[in-house]
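Report on the following structure.
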Number of protein chains: 2
Amino acid sequence: MAENETQADSRERLLDEAEMLFAQKGFEGVSVREITRAAHCNLAAVNYYFGNKENLYLEVFRNRWMPRARRIQESFRQSLKGEGHQSLNHIIQCLALAFLKGPLSEAERKCHHQLMAREMAQPTAALEMLAEQIMRPFFRELTDMIRPLIPEGIQEEELMLSAMGIFAMILYFGFGRVAVTRLLGCEYDDALRKRLSSYIADFSIGGLQRLNGEIHHGG
Amino acid sequence: MAENETQADSRERLLDEAEMLFAQKGFEGVSVREITRAAHCNLAAVNYYFGNKENLYLEVFRNRWMPRARRIQESFRQSLKGEGHQSLNHIIQCLALAFLKGPLSEAERKCHHQLMAREMAQPTAALEMLAEQIMRPFFRELTDMIRPLIPEGIQEEELMLSAMGIFAMILYFGFGRVAVTRLLGCEYDDALRKRLSSYIADFSIGGLQRLNGEIHHGG
DNA sequence: GTCTATAGCAGGATAGAC
DNA sequence: GTCTATCCTGCTATAGAC
């Protein structure tokens, strides 16, 4: 495989650099020139490997974003197993921590969240793909996990909204960090992340309780 | 003033069209040519009135976005006065409704939220201005309003986070509507907005309760 | 698979007539 | 205040040598 090293590397480097640049500046804000320069390969490489710029963008989501999303989900599942019982509190804190801290480096997480934020603000074909292959299955998994922990009377829509509301806070505190730190007036470090996670968990549990009387939760 | 009509109109039309286009496609995604074409004025008009494209973007926030944000806030305050007592439930529902429905047309609100979403994803000098002149004062007003309705023991940071968490849901359900409708599988109409508002209020109140024991709330 | 060269076009900005 | 004409730069995409 050594003789193919440079081939594979160019394609991978393009994906790496493209993802970071798309995250920082958006699709329109980055030029193919800038990407190829950052990836230390020729201008023509994008067209050679991906056909055009748009397709490179999609491949970034397919080959980088989605696998990383799966890693985050997997880290969430693993951290759940840590404790024997699965209380609502435990689930939501694990969820928040997986997304705010998780298995990613600081730079990787920032990149990941920014791409998502951009797609939320201006959906492209990429969001369609994410909704289908990542978001919807994970929401299903999450609501299935929560359902036995709350009273039977709760509406499915309320449950779905709750999951989304929890996510709203996680995403907001995750990628709206500029606004968060500016308003709180403090650094966005691990200590803050921990406080945010436990805050989100507490807040969410209260919300879930309120929706339909008392619930049974451990922790 | 009749003889100045066309002068004033061009500038105003530019701001109107620029805002819509920036909201739809982002700063980089729109050309000055496109804006001037939409505003039915000459290509050179942007440079004449605003110096350059970037400054037009800032003026959109100063002359369109910020006044509208103040109108939303004002409509929130007005709707609060409707009832004699100000319960937490009432406050939060009014807040959510002001942002999800409020005094704006459907198109105006969508435009407003999208610009905000873009600034959150990729902050520019505009966000600095909004944080200082709109967000921070309003958050202060809001926390001052909520503080007397909850126990004294609560931390100021928790209170701030609560206000932000409530906003997170409102903004998420407001401008993440594509994701919302896709996941819920229903239309984003007035009925859904009403359900979302009352859901957000219930959820938030539960969250606030949970943070520090029981609270006194009406409604 | 990599690179140079370039076609072909669209972008922001401005000068200067009216 | 409005408009035309134009400069110059940068873009995507491709053809074709190596």
Side-chain angles (χ1 to χ4, degrees), chain A residues 1-64 115 118 122 124-126, chain B residues 1-64 115 118 122 124-126:
Chain A
M1 222 187 249
E3 66 270 24
N4 288 340
E5 197 174 79
T6 46
Q7 301 172 21
D9 276 1
S10 278
R11 195 178 189 278
E12 298 303 304
R13 278 201 313 275
L14 278 173
L15 286 169
D16 287 339
E17 299 298 329
E19 185 180 28
M20 271 207 303
L21 288 167
F22 283 143
Q24 281 165 23
K25 312 186 179 189
F27 181 79
E28 318 264 7
V30 188
S31 67
V32 172
R33 285 170 151 80
E34 197 174 355
I35 295 169
T36 50
R37 207 182 311 129
H40 298 109
C41 59
N42 191 270
L43 171 61
V46 162
N47 287 69
Y48 177 75
Y49 285 108
F50 304 97
N52 56 34
K53 184 186 175 186
E54 201 170 325
N55 206 37
L56 166 60
Y57 183 76
L58 273 177
E59 287 299 305
V60 160
F61 277 89
R62 215 189 307 273
N63 296 323
R64 291 287 183 275
L115 283 175
R118 286 185 191 287
Q122 181 169 21
T124 71
Chain B
M1 213 182 263
E3 67 270 25
N4 289 340
E5 198 172 80
T6 45
Q7 301 171 20
D9 275 1
S10 279
R11 195 179 188 278
E12 298 305 303
R13 280 200 315 272
L14 277 174
L15 285 169
D16 287 339
E17 298 299 328
E19 185 180 28
M20 271 209 302
L21 287 168
F22 283 143
Q24 281 165 23
K25 312 186 179 191
F27 181 79
E28 318 264 8
V30 189
S31 66
V32 172
R33 286 171 153 82
E34 196 175 355
I35 295 169
T36 50
R37 207 181 311 128
H40 299 108
C41 59
N42 191 269
L43 170 61
V46 162
N47 287 69
Y48 177 75
Y49 284 108
F50 304 98
N52 56 34
K53 184 186 175 186
E54 200 169 324
N55 206 37
L56 166 60
Y57 183 76
L58 274 177
E59 288 298 307
V60 160
F61 277 89
R62 214 189 307 274
N63 295 324
R64 291 288 183 274
L115 282 175
R118 286 185 191 287
Q122 181 168 22
T124 71

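Letters A, B, ... mirror the listed sequences (proteins, then strands); counts begin at 1. This is a predicted model, so every value here is computed, not measured.
For C:dG1, the OP1/OP2 oxygens have no side-chain nitrogen or oxygen of A:S10 closer than 4.0 Å.
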inquiry  = Using the rule given for salt bridge (charged side-chain N to carboxylate O under 4.0 Å, His left out), can you reason through A:K25 versus B:E28, listing the C-alpha separation, both sets of side-chain angles and the distance that settles it, and then say yes or no?
reply    = CA-CA 9 Å; A:K25 312 186 179 189; B:E28 318 264 8; over 6 Å; no
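Heavy-atom contacts from other residues, nucleotides or ligands closer than 6.0 Å to CD of A:Q24 number more than 12.
Nearest to the side chain of A:S31, among D:dC11, C:dG11, C:dC3, sits D:dC11. Residue A:N42 places its side chain closer to C:dC3 than to any other of C:dC3, D:dT4, D:dT2. The listed nucleotides are D:dT4, D:dT2, D:dA13; the one nearest the side chain of A:N47 is D:dA13. Nearest nucleotide to the A:A44 side chain, out of D:dA13, D:dT14, C:dG12: D:dT14. Comparing atom distances between the B:R33 side chain and each of D:dC3, C:dT2, C:dA13 picks out C:dA13 as nearest. Listed candidates were C:dG12, D:dG1, C:dC3. Nearest to the side chain of B:Y48 is D:dG1.
Counting to the nearest Å, the P atom of C:dC9 and the CG atom of A:N52 are 18 Å from each other. Protein atom CD of A:E54 is 9 Å distant from nucleotide atom P of D:dA13, rounded to whole Å. Remark: C1' of C:dG12 and CG of B:L43 are 8 Å apart, rounded to the nearest angstrom. Rounded to an integer number of Å, the gap from CG of A:L14 to C1' of C:dC3 is 14 Å. The nearest whole Å value for the distance from the CZ atom in B:R13 to the C1' atom in D:dT2 is 12 Å. Atom-to-atom, CZ of B:R37 to C1' of D:dT4 comes out at 16 Å; the value is rounded to the nearest Å. Rounded to an integer number of Å, the gap from CD of B:E28 to C1' of C:dG12 is 12 Å. Between the NZ atom of A:K53 and the C1' atom of D:dC11 there is a distance of 8 Å, rounded to whole Å.
Nearest approach of B:C41 to B:R13, heavy atoms of both residues: CB-NH2, 4.3 Å.
In this pair, A:F27 and A:Y57 present their aromatic rings perpendicular. The plane angle is above 60°, beyond the 30 to 60° band.
Two residues are said to be in side-chain contact when any heavy atoms from C-beta on lie closer than 4.5 Å; B:L15 and B:Y49 fail this criterion.
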